[in-house]
Amino acid sequence: MTRLSVNINKVATLRNARGGNLPDVEKFAHDCERFGAEGITVHPRPDERHITRADVYALKELVTTEFNIEGNPEPAFMDLVLAVKPAQVTLVPDSREQLTSNHGWDTKAHFAKLAAIIQRFKNAGIRVSVFVDADPEMVEYAAKAGADRVELYTGPYAEIYAQDPQRALNMYRPAAEKARELKLGLNAGHDLNLHNLKDFAEAFPWLDEVSIGHALIADALYLGIEETIKQYKYALSNSN
Ligand code: PXP
């Protein structure tokens with residue numbers, strides 16, 4: 001079954017708004033796992049506007065499921081990931097000022113750089129996933145650069161799904177099939193929610209993992225985090 005990794009950035013944003021430790025990010029991560037999450041994702045930014053470097057070290061000690069760290073592989077990020085050694089690192093080409101990631105890598109244009117970075121992480125025993133748009137050529141060059149997985153950027157999927165679900169799924173098919181053909185693991189993330197997740201997971205039953213933050217945390221305001229995780233896992237339950 002497709003695994004659910006909960007992105008807990010937003011919980012840190014809420015905590016940082018007051019400077020204390022409420023809500024407790026580490027406890028929240030632990031509770032997500034207790035309620036069935038199969039992974040915890042964080043995206044530490046250089047300005048520490050949500051997840052801090054200290055959070056990353058603390059989470060490494062307590063996460064018992066898959067710990068996934070996302071980010072742009074600038075030197076400070078690489079040093080942090082290599083020191084912490086999570087199960088997975090997801091390489092994202094976001095700039096410092098970007099509100100959130102909004103496109104994948106051009107894996108062809110950045111091939112040599114990515115290949116060198118991927119090798120460093122793999123030598124440290126860390127699985128490497130590369131965030132790409134739903135373009136089979138980008139998937140192909142991620143594989144050539146040595147990635148273990150790709151994460152398909154699902155922002156456009158979510159936007160189009162709201163008008164035309166079938167067209168949205170068809171847009172992602174060539175890239176998802178290319179990953180399967182190349183025996184690359186397949187992750188997906190961005191703007192997935194309780195409305196659009198089930199169809200995506202059912203269309204691509206070889207999908208290994210989704211990482212979901214914004215909508216899931218917003219749903220938890222109404223449903224509570226235990227029920228929310230249950231509903232997201234239910235949406236994934238027919239995936240394979
Ligand atoms: N995947 C990547 C690479 C991301 O940058 C983000 C946002 O931090 C997500 C997944 C999760 O997106 P959302 O918060 O929209 O669920």
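Atoms within each ligand, like the ligands themselves, are counted from 1 in listed order. Note that the numbering runs from 1 along the sequence shown for the chain. Not measured: the values here are computed from a predicted model.
By the side chain to side chain contact (heavy atoms under 4.5 Å, CB included) test, Leu14 pairs with Pro23, sequence neighbours left out. With sequence neighbours left out, Lys10 forms a salt bridge (Lys or Arg N to Asp or Glu O under 4.0 Å) with no residue at all.
In terms of modelled atom types and a separation under 3.5 Å, the side chain of Asp24 and the main chain of Lys27 share a donor-acceptor contact.
For the side-chain contact (heavy atoms from CB on, under 4.5 Å) criterion with Ile8, the lone passing option out of Asp55, Ile51, Leu216 is Ile51.
Around ligand 1, the residues contributing at least one heavy atom under 4.0 Å from the ligand are Asn7, Asn9, His43, Glu70, Val92, Thr100, Ser101, Phe131, Glu151, Gly189, His190, Asp191, Ser211, Ile212, Gly213, His214.
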Using atom types as modelled, flag every donor-acceptor pair under 3.5 Å from a side chain in residues 69-87 to any protein atom, sequence neighbours excluded.
{"unit_1": "Glu70", "atom_1": "OE1", "unit_2": "His43", "atom_2": "ND1", "d": "2.6"}
{"unit_1": "Asn72", "atom_1": "ND2", "unit_2": "Asp94", "atom_2": "O", "d": "2.8"}
{"unit_1": "Glu74", "atom_1": "OE1", "unit_2": "Arg96", "atom_2": "NH2", "d": "2.9"}
{"unit_1": "Lys85", "atom_1": "NZ", "unit_2": "Leu82", "atom_2": "O", "d": "3.4"}

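Ring centers of Phe204 and Tyr172: at least 6.0 Å apart, outside the cut-off.
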